[in-house]
Trainee: 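Structure incoming, see below.
The figures that follow rest on heavy atoms only: side chains count, while hydrogens, waters and symmetry mates do not.
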Amino acid sequence: MWESRTPINSGEEAALDHIEQYLDTAENDEVLTREDAVNHLMEQGVERADARAHIEQLLLKGYLYEVEDELRLPSRIDRARPTSLFCMPLLIGIRG
């Protein structure tokens with residue numbers, strides 16, 4: 001069964017977009033910590049308290065996860081999967 005994700009607000013979505021862009025341009029061995037993410041969001045004009053709150057909510061809602069001190073993104077395929085059971089028969093037909 002498809003699991004749905006908790007929706008995110010526009011500020012959280014913008015923060016996630018900035019973090020994705022940062023990771024897309026980062027070196028392969030570069031690690032992103034919470035504090036790095038906060039600093040990056042602040043460079044984008046987000047207040048420190050808001051940046052911390054956005055990251056916390058993205059973690060709580062499953063859009064980011066943390067391993068040791070490193071922030072990571074779930075796979076984009078996983079994040080983009082439909083949250084509605086309405087789409088499930090079509091995907092089953094494609095996969096099967």
Trainee: Given Ile55, which of Asp50, Ile19, Leu60 fulfils the side-chain contact (heavy atoms from CB on, under 4.5 Å) condition?
Mentor: Ile19
Trainee: Before giving the answer on side chain to side chain contact (heavy atoms under 4.5 Å, CB included), spell out for His54 and Gln57 the whole-Å C-alpha distance, their side-chain angles and the decisive distance to 0.1 Å.
Mentor: CA-CA 5 Å; His54 293 328; Gln57 286 301 306; 5.9 Å; no
Trainee: Please assess Glu20 against Leu73 for the test side chain to side chain contact (heavy atoms under 4.5 Å, CB included), listing each intermediate value before the final yes or no.
Mentor: CA-CA 8 Å; Glu20 284 182 326; Leu73 292 165; 3.5 Å; yes
Trainee: To the nearest 0.5 Å, what is the distance between NZ (Lys61) and CD (Glu56)?
Mentor: 11.0 Å
Trainee: Can you see which heavy atom on Gly62 is nearest to which on Pro74, and at what distance?
Mentor: O-CG, 3.5 Å
Trainee: Specify the closest pair of heavy atoms between Ala15 and Leu58, including all atoms of both residues, with the distance to one decimal.
Mentor: CB-CD1, 4.3 Å
Trainee: Give a yes or no on this: more than 12 heavy atoms of other residues, nucleotides or ligands lie within 6.0 Å of atom CG of Asp69.
Mentor: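 No, the 6.0 Å shell around CG holds no more than 12 heavy atoms from other groups.
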Trainee: Can you tell me how far CD of Glu13 sits from CG of Asn9, rounded to the nearest 0.5 angstrom?
Mentor: 9.0 Å
Trainee: Can a donor-acceptor pair be found, under 3.5 Å and without considering hydrogens, that links the side chain of Asp36 to the backbone of Leu32?
Mentor: no
Trainee: Can you give me the closest heavy-atom contact between Leu71 and Arg34, atom names plus distance?
Mentor: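 It is CD1-CA, 3.8 Å.
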Trainee: So, Glu35 and Arg48, do they make that salt bridge, N to O below 4.0 Å?
Mentor: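 Result for this pair is yes, salt bridge flagged.
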Trainee: Does a side-chain N-to-carboxylate-O contact under 4.0 Å join Arg72 and Glu66?
Mentor: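 Glu66 and Arg72: not salt-bridged.
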Trainee: Could you give the distance from CG (Leu23) to NE2 (His40), rounded to the nearest 0.5 Å?
Mentor: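 These two atoms lie 8.5 Å from each other.
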Trainee: Could you check whether Gln44 and Tyr22, counting side-chain N and O atoms only, form a donor-acceptor pair closer than 3.5 Å?
Mentor: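 Result is no, nothing qualifies.
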Trainee: List the atom of Ala51, the atom of Val46, and the distance in Å for their closest heavy-atom pair.
Mentor: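 For Ala51 and Val46, the tightest heavy-atom pair comes out as N-CG1, 3.5 Å.
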Trainee: Does Glu43 form a side chain to side chain contact (heavy atoms under 4.5 Å, CB included) with His18? I'd like the steps, not just the answer.
Mentor: CA-CA 10 Å; Glu43 291 171 3; His18 287 303; over 6 Å; no
Trainee: Indicate if Leu59 and Tyr63 have the same hydrophobic cluster label, given that clusters are the connected sets of ILVMFWY residues with side-chain heavy-atom separations under 4.5 angstrom.
Mentor: yes
